[in-house]
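These notes are about the structure you will find just below.
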Amino acid sequence: MAREAAYSTLMRGLTELDFRGQPVPSDLALIGDDAFPLAMNPRGQVLMAASTYGKGRVVVLGHEALLSAFPALLENALTWLLPAADVQVGVQPSCQGIVENLCNTNIQTEVGGFREGLGVYVTDAYCVEPNARELVAFLKEGGGLLVAGQAWGWAKEHPKQNALLGFPGNKVCSVAGIYFSEHEGELGVFPVPERIPSSWLAVSIDKDFQDDLEFLLEGVSEFDITGRAVPSELMVHGPLAFPIATTRCGRAFFAGSYYGQGRVIATTHEGYLGRPALASFLLNAVRWLDEGRNGEIGVLPKLNAAHALLRKSGLTCTKTAFRKDLSVYVCTSYNDAHAAEIQDFVAEGGGLLIGGHAWNWAQKHPGRCALTHYPGNHILTKLGISILGSTLKPGQYSAPQPNACIEAYHFRHMLRHFANHVTCGEKLKKHEEANLRRLGGDCATYLRMRAHDCPSYASILELLTDMVKTAGVPQVCSKCPVKSPKDHLLLHVGTEVYKASPNPDELLPYIIKKRPDLPVVPNVRVRIDGNTAGAEEWKSTGLYLSPGMKTYMAIPPEIVKKGWKVQIGCQTDNIGKAAELKRAPVVFERFPIQSEMIQVSNLWGGLIYLVAPPKSKVGEVEIVVEKSIRAPYYKSGETSVEDWVGGIRDAPAPWAEMEFENIIITMRSKVVREVDRPDEVAEFWDSIMRAVADLAASPAKLPRKERYVADVQISHGFMHAGYPVMMHSGSAANLVNPALARKKGIWGAIHELGHNQQRGAWEFPPHTTECTCNLWSLYVHETVLGMERTQTHKAINPVSRKKRVARFLKEGSLAIWDVWMALETYMQLQEAFGWDAYKKVFAEYRHMKKVPKDKKSKMNLYAETFSRAVNRNLAPFFKAWAWPIQPDVEQKLADLPEWTDHPMVKYEPSR
């Protein structure tokens, strides 16, 4: 790591730094990826720092007296700064006292003003302003700078100016991410650590952005972002970044930041850059970025609306690609071709107005972190703002009051306050408590950058690691659920800190205090069918990893770099939005298969799967798992009853699977250890799944086996459809007990399989979303479980059905035609024409092309299709149910016998 090597060079031979008796230095504020501290006191104040910019290097001392206080450090610093051994070190006359300290070294010095040809220049921070441009150019081209001074005295003499912007030394050092602040540094004797010092106390900078907001929001009362343009969310994480416009829950879609000598404003949709409703703010923004230079505003040529809006205001505005001579550049965040040049442009005083969303990119790049891979973030993240893949709701949002910035959410500020709360017992304010959930999410997002070589990232990782070690992570379970926002945050962050930590094993005891000691089996060979149809498919291995357990997997070359993944864990629901947690929010991990030997693990442990991509055609493949734990795993046609009862069902892993012809059921192992006849369970589910396929007019063997996973907590509902179908743990026992299922029914479980059979062509949301899936519940319970219709569900007993029809006849509107009301329509059709009618209809839809997308047309098509399937004109029946049957459809069906005695006819006299 370059910074660590630089730090070692700069601090060579030093074990402590004694600041006692020295003049009081300034606290140095560090931003960006390149600046790092050399001396830090216990309060987290940086008294000396170093950085790079372009090809050059800079060392900054928080007081000019420090140039003479530490001769060994001075020699180290000049040696590190020198681009070559034989170049001259220029020394400003005010700093000539250092020359005597260098007389016994090989360093060649000359006292005088800055000139071309020097290798290093030593200066105080007070008189650099006249040569600021030259010094920045010198640094960028490879020169070395040693700058010393303090800004707290200047700040007292200039009480109305911002020291970070106005202090002369900051005109140069800020380009490298080091600022002299107006805060006095605390003195003492400070040890020199072996590695770059860091402290969570240095996480944020106490800067008030009230003046900036007053300028930006002059004449602005609201931000109107209504319409079809959907914005992403901004993460405001830089020490000198601040939110400008937010939703009502405080999520930013406009934000600003200082970076070096320049400024940036970001928004999360390019359409906002030329939006007339935002004109007042946009003009303020450009003037804030221009900083009174009245320079040329360059606008990316495709941003026609932005160019027109700015030009209309009288600004000097040109359509152009990026140019270094611009005062402000306006562009989108979809291209990173000039990322480094734009960052330098801002650092050296330019203004950047940039807009674009990342949610579309995130949808097209699943599994990739927008924070690190989205093109715009290659520009913005270094500047202190990032565009996230999540979306915000368009709307009209009030502009904040400038003084509200004190309580506005800021990632680093909020993190420091929470750290004080956890480590020092400091009480959180009400608005801070309200932001803890959001802070947890932002911490997780930030940690995914994996920017370990960045000092600011390392500081935050260290802070969060210390928090986990100090406060621990709640030992969540169904009996000890997590409820408080603080515990939510610690649970969420604990997982991400573990993933980001260079030493994750060290953190395990703080996160999971009781890890099971289960017997391990070595080098297990597993053969799987590598073929898939039209969707991604999990391939079970029957093996399990304990929490934090690592293993290597040998992978056959035919699936390497072909879209295959290894997944650890079966519970893929993210439950992070729940108020009460009975497990960690995300408890599975996926690893892309990029080589023939990969290492995998999961903090929370889990069953091992191979995830095959759609339309894979590799045949049978074999993997070898170095070490793992056997799980109870039954597979039809491979596992005998004797082997199951004789030991397989008692395998030690806490999760088990039973795999049948068309479905796989995953549940806690204690459930299956009571199953004596897995063959009967298999026969039971084979019958059910063939019935599911039969009603859907599908082949008896599904293209992909369905999956059930029973978990302690799921993302929504009592159960929910998908791959896998998720249900609560308590529902699992019924699935592997055929006798109990036939007695009590399993309506909900089949209901979810019905959801997976629904097709948009014959679905009419929102009316039928929770209705037509029940056709499969009815069919399975009647034809497989042998239950009478009236016994299948309490909602379809005769009394309830009659009441619903009566209510519909009274109100007569599609507004109430949903769920059970809508199911009555479908049941009346079934009772009149039988289940075969539905099979014919679904079969017809399978071959249908050019199905309309609007609901009215789809309902008419369904009425016509069903009528043809049963050879009856059903238009009167559907009209009785308030379907919008069109005259042309009635005309098409006129050749069929009309269904005049349909079930609704008997109710007509009472209408």
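For clarity, every value in this text was computed on a predicted model and none was experimentally measured.
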With side-chain contact (heavy atoms from CB on, under 4.5 Å) as the test, would you mind laying out the steps for Met414 and Leu436 before giving the verdict?
-> CA-CA 8 Å; Met414 184 65 214; Leu436 288 182; 3.6 Å; yes
Given side-chain contact (heavy atoms from CB on, under 4.5 Å), test Asn162 with Asp211 step by step and report yes or no.
-> CA-CA 10 Å; Asn162 187 328; Asp211 291 345; over 6 Å; no
CA sep, side-chain torsions, deciding dist, call: Thr226, Gln396, side-chain contact (heavy atoms from CB on, under 4.5 Å) = CA-CA 6 Å; Thr226 54; Gln396 290 179 306; 3.7 Å; yes
Which is it for Asp27 and Arg43 under the salt bridge (charged side-chain N to carboxylate O under 4.0 Å, His left out) test, yes or no, and what are the steps along the way?
-> CA-CA 10 Å; Asp27 175 20; Arg43 285 183 56 194; over 6 Å; no
Check step by step if side-chain contact (heavy atoms from CB on, under 4.5 Å) holds for Leu439 and Phe411.
-> CA-CA 7 Å; Leu439 177 63; Phe411 170 59; 3.9 Å; yes
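Taking the six-membered ring where the residue is Trp, Phe322 and His338 present tilted rings, their angle falling between 30° and 60°. By the 30° and 60° cut-offs, the orientation of the rings of His421 relative to Phe418 is tilted. Ring pair Trp288/Tyr258 is perpendicular by interplanar angle, where above 60° counts as perpendicular and below 30° as parallel. Between Phe223 and Phe281, the ring planes lie perpendicular to each other; the angle is over 60°, past the 30° to 60° tilted range. Between Tyr272 and His269, the ring planes are tilted. Angles from 30° to 60° get that label.
No side-chain heavy atom of Pro400 sits under 4.5 Å from any side-chain heavy atom of Thr246. Between Glu4 and Ile196 there is a side-chain heavy-atom pair separated by less than 4.5 Å. A 4.5 Å side-chain heavy-atom check between Pro239 and Arg412 finds at least one atom pair inside the cut-off. The shortest side-chain heavy-atom distance between Leu216 and Ile265 falls under the 4.5 Å cut-off. Between Phe36 and Leu10 the shortest side-chain heavy-atom distance falls below 4.5 Å. Two residues are said to be in side-chain contact when any heavy atoms from C-beta on lie closer than 4.5 Å; Pro231 and Pro394 meet this criterion. Taking the side chain as every heavy atom from C-beta outward, Leu461 and Leu447 approach each other to under 4.5 Å. Between Thr445 and Cys369, the closest side-chain pair of non-hydrogen atoms is not below 4.5 Å.
When all heavy atoms of Asn41 and Gly185 are compared, the closest pair comes out as ND2-C, 4.4 Å. Of all heavy-atom pairs spanning Asp336 and Pro375, the tightest one is CB-O, 3.4 Å. Closest heavy-atom contact between Ser26 and Leu47: O-CD2, 4.0 Å. Residues Gln343 and Leu383 share a closest heavy-atom pair of CG-CD2, 4.1 Å. Contact between Ala277 and Asp224 at its shortest, heavy atoms only, is CB-CB, 4.0 Å. Residue Gln150 comes nearest to Gly62 through the heavy atom pair CB-O, 3.3 Å, listed as atom of the first residue, atom of the second, then distance.
No side-chain donor from either of Ser386 and Tyr446 sits under 3.5 Å from a side-chain acceptor of the other.
Residues Glu496 and Lys499 are paired through a salt bridge, judged by an N-O separation under 4.0 Å between the basic side chain and the carboxylate. In summary, Lys140 and Glu348 engage in a salt bridge, as defined by a charged side-chain N under 4.0 Å from a carboxylate O.
In this structure, Thr268 OG1 and Trp359 CH2 are separated by 11.0 Å, a value rounded to the nearest 0.5 Å. Taking CD1 of Ile178 as the start and CG of Leu61 as the end, the distance is 9.5 Å to the nearest 0.5 Å. Between Leu217 atom CG and Ile244 atom CD1 the span is 7.5 Å, to the nearest 0.5 Å. Interatomic distance, CD of Glu270 versus CG of Leu303, reported as 7.5 Å (0.5 Å rounding). Annotation: the span from Cys173 atom SG to Leu145 atom CG amounts to 7.0 Å, rounded to 0.5 Å. One distance of note links CG of Leu283 with CG of Leu315; it measures 6.5 Å at 0.5 Å rounding.
When atom types are taken as modelled, the side chain of His410 and the backbone of Gly238 share a donor-acceptor pair closer than 3.5 angstrom. In terms of modelled atom types and a separation under 3.5 Å, the side chain of Ser181 and the main chain of Ala29 share no donor-acceptor contact. At least one donor-acceptor pair under 3.5 Å links the side chain of Ser51 to the backbone N or O of Ala176. In this structure a side-chain-to-backbone donor-acceptor pair under 3.5 Å is missing from Ser232 to Ile387. Of the possible donor and acceptor atoms, none in the side chain of Arg251 sits under 3.5 Å from a partner among the backbone N and O of Leu392. Proximity of a side-chain donor or acceptor of Arg57 to a complementary backbone N or O of Ala6 within less than 3.5 Å is not detected. Looking at Thr372, its side chain never comes within 3.5 Å of a backbone N or O of Met449 through a donor-acceptor pair. No side-chain donor-acceptor contact under 3.5 Å links Glu134 to the backbone of Glu116. In this structure a side-chain-to-backbone donor-acceptor pair under 3.5 Å is present from Tyr374 to Ser333. Listed for the Asn131 side chain is no donor-acceptor partner under 3.5 Å among the backbone atoms of Leu135.
For Thr267, there are no side-chain hydrogen bond (donor to acceptor under 3.5 Å, both in side chains) partners at least two apart in sequence or on another chain. Not a single ring-ring contact (aromatic ring centres under 6.0 Å, His included) links Tyr259 to another residue, sequence neighbours left out. By the side-chain contact (heavy atoms from CB on, under 4.5 Å) test, Asp33 is found to be paired with Arg3, Lys382, Cys454, residues two or more places apart in sequence or in another chain being considered. Glu141 is linked by a side-chain hydrogen bond (donor to acceptor under 3.5 Å, both in side chains) to nothing, counting only residues two or more places apart in sequence or in another chain.
Among Phe167, Trp154, Trp152, Tyr126, the one residue that satisfies the ring-ring contact (aromatic ring centres under 6.0 Å, His included) test with Phe180 is Phe167.
Within a 6.0 Å radius of CD in Glu341, more than 12 heavy atoms belonging to other residues, nucleotides or ligands are found. For Gln363, the CD atom sits in a packed shell: over 12 heavy atoms of surrounding residues, nucleotides or ligands are nearer than 6.0 Å. Summarising the local packing, CZ of Arg311 is surrounded by 12 or fewer heavy atoms from other residues, nucleotides or ligands at distances under 6.0 Å.
The side-chain hydrogen bond (donor to acceptor under 3.5 Å, both in side chains) pairs that include a residue from residues 163-179 number zero, where partners must be two or more places apart or lie in different chains. The side-chain hydrogen bond (donor to acceptor under 3.5 Å, both in side chains) analysis of residues 317-330, with sequence neighbours excluded, yields the pairs Asp290-Ser327, Arg293-Ser327, Glu296-Thr318, Glu296-Arg323, Asn304-Lys319, Thr320-Arg323, Arg323-Asp325.
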